[in-house]
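Heads up, the thing below is written out as structure tokens.
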Amino acid sequence: MKTTLTVNGRSHEVDHDTRRTLLDTLRDDLDLPGTKKGCDHGQCGACTVLVNGQRVNSCLCLTAMHDGDEVTTIEGIGSPERLSALQKAFVEKDGYQCGYCTPGQIMSATAMLKEMRDGAPSYVSDDLDAAELSDAEMAERMSGNLCRCSAYPLIREAIAMAAEVEK
Amino acid sequence: MRPFDYQRATSFDDVSAGQIIAGGTNLLDLMKIQVMTPDTLVDITRLEGLSEIQAEGEGLRIGALVTNSALANDARVRAGWPLLSRAILAGASAQIRNKATTGGNLLQRTRCPYFYDTSQACNKRTPGEGCAAQGGAGRMLALFGTSEHCLAAHPSDMAVALTALEAAVEIRSADGETRQVPMHEFYRGPGDRPDIENGLGKGDLITAVILPSPHAGARQTYRKVRDRASYAFALVSVAGSVAMEGDTITQVSLAYGSVAPHPWMDHDVVQLLQGETASNALFERAADALVPDSAPHPDTDYKRNLLRRTFIATMRQLTGPGDTAGTDIARTQG
Ligand SMILES: Cc1cc2nc3c(=O)[nH]c(=O)nc-3n(C[C@H](O)[C@H](O)[C@H](O)COP(=O)(O)OP(=O)(O)OC[C@H]3O[C@@H](n4cnc5c(N)ncnc54)[C@H](O)[C@@H]3O)c2cc1C
Ligand code: SF4
Ligand code: FES
Ligand code: FES
């Protein structure tokens with residue numbers, strides 16, 4: 001079957017089996033290997049991309065269900081010459097060790113900072129109408145992204161740094 | 001995954017052609033390991049009129065395709081039904097909540113590990129096959145409402161909140177008739193057919209959840225206990241809404257999660273609390289009434305004490321001055 005996707009601003013028509021996930025389409029059909037496959041079951045966040053601006057696990061998306069959708073991957077938010085604020089902050093703060101979870105962390109954090117600006121609450125917000133970007137808030141909001149190297153403290157520092165830059 | 005046909009529903013008439021897929025976060029997971037093997041998937045995400053949250057009287061009508069994120073973030077929900085926001089935000093991750101839908105969340109399957117392992121016997125997966133959890137490992141299993149055929153618990157956080165808030169599920173059948181089923185009647189116990197988890201028939205579509213007006217001025221909270229601080233299923237959870245006059249409990253509504261095949265309610269406990277002066281002694285007595293004398297599986301014996309403590313902590317939080325972090329007052333629109 002055929003599906004049309006806009007990925008990082010470019011339109012693509014892909015011909016695929018009904019079983020194809022968005023993750024496999026990105027990596028194997030569109031040659032965008034920045035998005036990683038960790039668990040393939042929604043448990044690790046390595047495959048996080050933005051679909052119509054919202055962070056999702058691309059391993060739990062059927063390509064067939066995303067006809068006409070806009071997808072943003074790690075390749076779409078910056079380039080080695082022009083890093084996004086978060087990409088720069090991860091390099092600066094050493095927010096990784098092996099780096100496998102990093103594209104997912106950065107995509108997730110990109111959306112998370114926007115959710116903060118939009119006033120979205122989290123489970124640890126004492127007041128559902130007024131959340132501040134504390135360490136506890138960051139840990140909770142980023143809990144869908146696991147890091148086997150346990151670089152969490154530096155990941156949070158990088159996110160805090162990027163949030164300051166974006167202010 | 002086994003091969004399947006994919007169809008995109010453009011009208012309600014298309015829905016009965018196969019297995020419904022909405023967010024896909026539970027169904028695809030189960031299809032990948034061949035626990036669920038539908039021949040045809042019907043994608044309902046393009047159906048119109050199911051993605052809105054609308055005022056209905058003093059309450060809300062939540063379309064079945066409203067995402068868990070959109071529901072938890074809705075300003076009206078935060079103000080009037082904060083316990084629903086908190087319960088949803090306690091579940092899964094931000095990524096999953098962005099995809100997961102209101103209808104799909106209600107129908108997510110159990111997290112019993114043997115249900116997931118096709119090399120093990122499971123009556124819920126294959127009726128009559130047996131139940132590997134009995135004699136196996138079972139710390140996620142239920143305390144209440146089990147049968148000799150299945151001991152599994154329902155994992156949804158949102159459903160527990162909706163039960164405490166006395167919501168109803170709106171269902172459209174293939175012949176176009178619409179009915180409303182209260183949350184506390186929506187699920188069925190395992191009996192001898194644990195594969196049948198609710199009263200939905202073939203071609204039935206959940207179209208909405210109807211949320212009645214909250215009890216004005218009630219304090220609400222959702223307390224979830226789990227193995228790690230975030231992104232884990234509940235071992236025990238308690239959803240509660242309590243209104244007081246002075247020290248007297250004038251209205252109380254409670255539901256308990258991850259302790260039964262569906263959100264659990266106990267009317268005796270409510271009776272015991274209603275109209276009484278809030279005190280630790282009262283909560284201890286209510287906990288005695290709530291907690292069963294034994295567990296159906298040795299591995300869930302710990303849940304008896306955990307439920308007791310979580311219940312008492314929730315009641316103190318909702319009635320006392322002390323630690324009220326995470327407690328919200330239902331603010332209804334004037
Ligand atoms: C890693 C992970 C962690 C999680 N943690 C939690 C947690 O802590 N707490 C929690 O509550 N949940 C948790 N979840 C589960 C998550 O909440 C569910 O997967 C999600 O809510 C299902 O919604 P969906 O729209 O994706 O459903 P789908 O996967 O699309 O569908 C689920 C079922 O519902 C049926 N269905 C869907 N919509 C309708 C409808 N409108 N009418 C009739 N039938 C319908 C489908 O046929 C299918 O059988 C977790 C999931 C994952 C993967
Ligand atoms: S407890 Fe229920 S879900 Fe678990 S193995 Fe037994 S029958 Fe299956
Ligand atoms: S690969 Fe998608 S969440 Fe792990
Ligand atoms: S840096 Fe290695 S998994 Fe996160």
Side-chain angles (χ1 to χ4, degrees), chain A residues 1 3 16-22 39-69 104 107-109 111-112 115 118-131 136 139-146, chain B residues 1-8 21-33 40-41 43-46 67 69-70 72-75 77-79 82-83 85-100 116 157 222 224 228-232 324-328 331:
Chain A
M1 66 176 295
T3 298
H16 61 93
D17 188 281
T18 54
R19 289 171 289 183
R20 203 84 167 144
T21 62
L22 181 58
C39 64
D40 212 21
H41 284 281
Q43 297 172 356
C44 74
C47 66
T48 303
V49 300
L50 310 186
V51 172
N52 301 329
Q54 297 213 302
R55 49 175 165 165
V56 300
N57 303 114
S58 59
C59 70
L60 290 184
C61 296
L62 279 182
T63 300
M65 293 174 72
H66 291 280
D67 194 49
D69 283 353
M107 293 314 291
S108 191
M112 187 271 276
E115 291 161 15
D118 293 346
S122 89
Y123 182 63
V124 301
S125 311
D126 278 347
D127 179 348
L128 291 174
D129 292 327
E140 167 61 27
R141 288 165 192 265
M142 292 296 294
S143 71
N145 292 84
L146 304 192
Chain B
M1 263 189 269
R2 298 260 184 87
F4 56 83
D5 284 333
Y6 169 82
Q7 295 180 15
R8 189 173 294 149
I21 185 162
T25 59
N26 191 228
L27 184 55
L28 280 178
D29 193 12
L30 292 168
M31 285 171 66
K32 285 184 181 190
I33 52 172
T40 303
L41 278 190
D43 173 1
I44 62 166
T45 56
R46 313 269 168 140
T67 65
S69 298
N73 290 352
D74 187 90
V77 176
R78 284 195 235 168
L83 112 74
S85 287
R86 288 206 182 272
I88 293 171
L89 295 170
S93 65
Q95 287 96 316
I96 290 170
R97 294 192 297 269
N98 278 340
K99 278 222 101 198
Y116 275 73
D157 292 295
Y222 185 74
K224 176 173 177 176
R228 60 182 184 199
S230 185
Y231 204 17
T324 52
T327 313
D328 308 273
R331 289 174 280 128

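So that the names make sense, note that chain A is the first sequence line, chain B the second, and so on, each numbered from 1.
Your options are A:Pro121, A:Ala120, A:Ala111, and the one with the most heavy-atom pairs under 4.5 Å with chain B is A:Pro121. Between chain A and the options B:Thr67, B:Leu28, B:Ile33, B:Asn26, heavy-atom pairs under 4.5 Å are most frequent for B:Leu28. By number of non-hydrogen pairs under 4.5 angstrom with chain A, the leading residue of B:Ala92, B:Pro82, B:Ser93, B:Ser230 is B:Ser230. Interface check for chain B: of the options A:Arg141, A:Gln43, A:Glu115, the most heavy-atom pairs under 4.5 Å are formed by A:Gln43. Of the listed residues (B:Ile21, B:Asp29, B:Ile88, B:Thr45), the greatest number of heavy-atom pairs within a distance under 4.5 Å of chain A belongs to B:Asp29. Of the listed residues (B:Lys99, B:Met31, B:Arg228, B:Arg97), the one with the most heavy-atom contacts under 4.5 Å to chain A is B:Lys99. The most heavy-atom pairs under 4.5 Å with chain A, out of B:Ala87, B:Ala90, B:Gly24, come from B:Ala90.
Atom-to-atom distance recorded for B:Gln95:CD and A:Cys47:SG is 8.0 Å, nearest 0.5 angstrom. A:Thr3 contributes atom OG1, which lies 7.5 Å from atom OH of B:Tyr6 (distance to the nearest 0.5 angstrom).
Here the shortest heavy-atom pairing between A:Arg55 and A:Met142 reads NH1-SD, 4.2 Å. Of all heavy-atom pairs spanning A:His66 and A:Cys61, the tightest one is NE2-CB, 3.4 Å. Counting all heavy atoms, side chain and backbone alike, A:Val124 lies closest to A:Ala136 at CG2-O, 3.9 Å. Smallest separation of non-hydrogen atoms from B:Phe4 and A:Arg19: CE2-CG, 3.5 Å.
If you measure heavy-atom distances from B:Arg78 to chain A, the contacts under 4.5 Å come from both the backbone and the side chain. Using a 4.5 Å cut-off between heavy atoms, A:Leu146 touches chain B through its side chain atoms alone. Using a 4.5 Å cut-off between heavy atoms, A:Thr21 touches chain B through its side chain atoms alone. In this structure, chain A has a heavy atom under 4.5 Å from the side chain of B:Leu41, while its backbone stays farther away. With a 4.5 Å cut-off on non-hydrogen atoms, B:Ser85 touches chain A through its side chain but not through its backbone. Neither the backbone nor the side chain of B:Ala70 comes within contact range of chain A; no heavy atom of the residue lies under 4.5 Å from a heavy atom of that chain.
Shown are A:Thr18, A:Asp17, A:Thr63; of these, the side chain to side chain contact (heavy atoms under 4.5 Å, CB included) with A:Met1 is made only by A:Thr18.
Heavy-atom neighbours of B:Arg46 CZ from other residues, nucleotides or ligands within 6.0 Å: above the threshold of 12.
Within the 4.5 Å cutoff, the side chain of A:Met107 has no heavy atoms near those of the A:Val49 side chain.
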